[in-house]
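Each chain gets a letter, A, B and so on, in the order its sequence line appears, and its residues count up from 1.
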Number of protein chains: 2
Amino acid sequence: MKQVVELLRTHAIQPSAQRVAVANYVLVTKEHPTAEQVFHAVTATFPTLSRATVYNTLHLFVKKGLLKQFALTEGVLVFDPHVEPHHHFVDDETGAIVDIPWDRIRVEGADDLPGIDVRDFQVVVRGKRQRRRTTNKAT
Amino acid sequence: MKQVVELLRTHAIQPSAQRVAVANYVLVTKEHPTAEQVFHAVTATFPTLSRATVYNTLHLFVKKGLLKQFALTEGVLVFDPHVEPHHHFVDDETGAIVDIPWDRIRVEGADDLPGIDVRDFQVVVRGKRQRRRTTNKAT
DNA sequence: TCGAAAGTCTTGACGTCGTCCAACTTTGGA
DNA sequence: TCCAAAGTTGGACGACGTCAAGACTTTCGA
């Protein structure tokens, strides 16, 4: 709680009650929530929060570097508090998005493309999870 | 466009007038149009074509393997008649999507992830195009 | 030729996602 | 305290996409 306020301040963001509420959800989650998921999750405990404020706040956080924004699945933006470079796996069956550590995949040549100033890149892997072995958690 | 009719037939698709009209745009373009762009482009010459038919037709083409579908930029699906594996570059400034040949980037380890049946993967590169000399590169 | 069945298309309603704007409230500095 | 700036709200709006019902077409057998 306190550390979120500090975090906002160090990023030159006024820690209003609404922003702290959004931050406490979206900066802590391990999921990759959509804006609507953030809206529903936060209004559960902060009912007067408006949709516009959620969108304003998320965009502000992106601009300030607290979040990254992706469009990996069908037509909705997701937000990711994990801002260091990493790759993503998208489960075809559920749409779930899972982080893949940067070192797990080696990429050569992506930052050296003619005529392009590369800002960043990532590998997007699609497929399905194997449920048979390798799980100690039954679904 | 006889060859489009043939192409549809060989993919077990009834070549109705509407489908041929959509195919003549979306299977020929080098762009990565959204469904709405397809709708507007095709209705320009086929005014009675309905939105639902465009969506139905695009999904049918995807199911039959004539198109691929991506969600790379802000919240809209794009369709790509280039169905062989390749990578993509997204221009931050314009949102334009450009194909990158598969051989241009080498990726190791993406198809060997524990617990995942990989269907396909691609590298998504973001940045901006160099228009002239890049002296004034801020950030 | 006729009629039925299957396939295809259209209309219009609907839901979601996201933006915009004008009005209101809160904050912080002088 | 007062005022301006910053932040928030609700509602309207538009883009995107889906769905169901009915109409229209094509096919095909009798």
Side-chain angles (χ1 to χ4, degrees), chain A residues 4-5 8-9 11-26 31-64 66-80 95 97, chain B residues 4-5 8-9 11-26 31-64 66-67 69-79 95 97:
Chain A
V4 165
V5 174
L8 296 187
R9 277 198 225 278
H11 285 258
I13 299 170
Q14 270 284 353
S16 72
Q18 289 86 344
R19 287 172 178 171
V20 171
V22 171
N24 267 316
Y25 174 72
V26 78
E31 315 279 309
H32 298 71
T34 68
E36 295 294 314
Q37 285 168 350
V38 175
F39 177 63
H40 288 119
V42 180
T43 49
T45 59
F46 198 138
T48 68
L49 186 70
S50 77
R51 179 187 303 272
T53 298
V54 171
Y55 279 88
N56 286 342
T57 302
L58 290 173
H59 292 157
L60 180 65
F61 287 180
V62 169
K63 202 171 77 181
K64 299 292 190 178
L66 289 170
L67 289 178
K68 278 194 168 182
Q69 205 180 35
F70 297 104
L72 298 180
T73 48
E74 6 81 29
V76 289
L77 293 176
V78 300
F79 294 88
D80 189 347
I97 299 171
Chain B
V4 165
V5 174
L8 295 187
R9 277 198 225 277
H11 286 260
I13 299 171
Q14 270 283 356
S16 71
Q18 289 87 346
R19 287 173 179 168
V20 171
V22 171
N24 267 317
Y25 174 72
V26 77
E31 316 278 308
H32 298 70
T34 68
E36 295 293 315
Q37 284 168 350
V38 176
F39 177 62
H40 289 120
V42 181
T43 49
T45 59
F46 197 140
T48 68
L49 187 69
S50 77
R51 177 188 302 272
T53 297
V54 171
Y55 279 88
N56 287 341
T57 302
L58 290 173
H59 292 157
L60 180 65
F61 287 179
V62 169
K63 203 171 77 180
K64 299 291 190 178
L66 289 171
L67 290 178
Q69 204 181 37
F70 297 103
L72 297 180
T73 49
E74 7 79 31
V76 289
L77 294 176
V78 300
F79 294 89
I97 299 171

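Between A:L58 atom CG and C:dG18 atom C1' there is a gap of 12 Å when expressed in whole angstrom units. Summarising the geometry, the separation between CG on B:L49 and P on C:dG12 is reported as 16 Å, rounded to the nearest angstrom. In this structure, CD1 of B:I13 is placed 22 Å from P of C:dA6, rounded to the nearest angstrom. C:dT27 atom P lies 15 Å from atom CG of A:L8, rounded to whole Å. Atom CD of B:Q37 and atom P of D:dA15 are 13 Å apart (whole Å). Per the geometry, CZ belonging to A:F39 stands 12 Å off C1' belonging to C:dG18, to the nearest Å.
A donor-acceptor contact shorter than 3.5 Å links the side chain of B:R19 to the backbone of B:Q14.
Within the structure, every side-chain polar atom (N or O) of B:R51 is placed at least 4.0 Å from both OP1 and OP2 of C:dT11. Not one side-chain nitrogen or oxygen of A:S16 sits closer than 4.0 Å to the OP1 or OP2 atom of C:dT26. Contact annotation: B:Q18 side-chain N/O to C:dT10 OP1/OP2 distance is under 4.0 Å.
Side-chain atoms of A:Y55 lie closest to C:dG18 of the nucleotides D:dG7, D:dG17, C:dG18. Of the candidate nucleotides C:dG28, C:dC9, D:dG17, D:dG17 has the atom nearest to the side chain of B:L77. Listed nucleotides D:dG17, C:dT10, C:dT8 differ in distance to B:S50; the shortest reach to its side chain belongs to C:dT10. You'll find that the side chain of B:A52 is closest to D:dC19, out of D:dG17, D:dC19, D:dT9.
Nucleic acid contact class of A:H59 (heavy atoms, under 4.0 Å, all strands): sugar-phosphate only. Residue A:T48 is in sugar-phosphate contact alone, with no base atom involved, counting any heavy-atom pair closer than 4.0 Å across all strands shown. Counting non-hydrogen atoms under 4.0 angstrom, B:T53 reaches a base of the nucleic acid.
Counting only heavy atoms from C-beta outward, the side chains of B:I13 and B:L60 approach each other to under 4.5 Å. B:T48 is listed as a side-chain neighbour of B:F46, based on a closest heavy-atom distance under 4.5 Å.
Residue B:Q37 places its CD atom among more than 12 non-hydrogen atoms of other residues, nucleotides or ligands, all under 6.0 Å distant. Shown here is A:E31, whose CD atom has no more than 12 heavy atoms of other residues, nucleotides or ligands within 6.0 Å.
Mapping A:N56 and A:T34 onto DNA chain C by nearest heavy atom places A:T34 closer to the 5' end of the strand.
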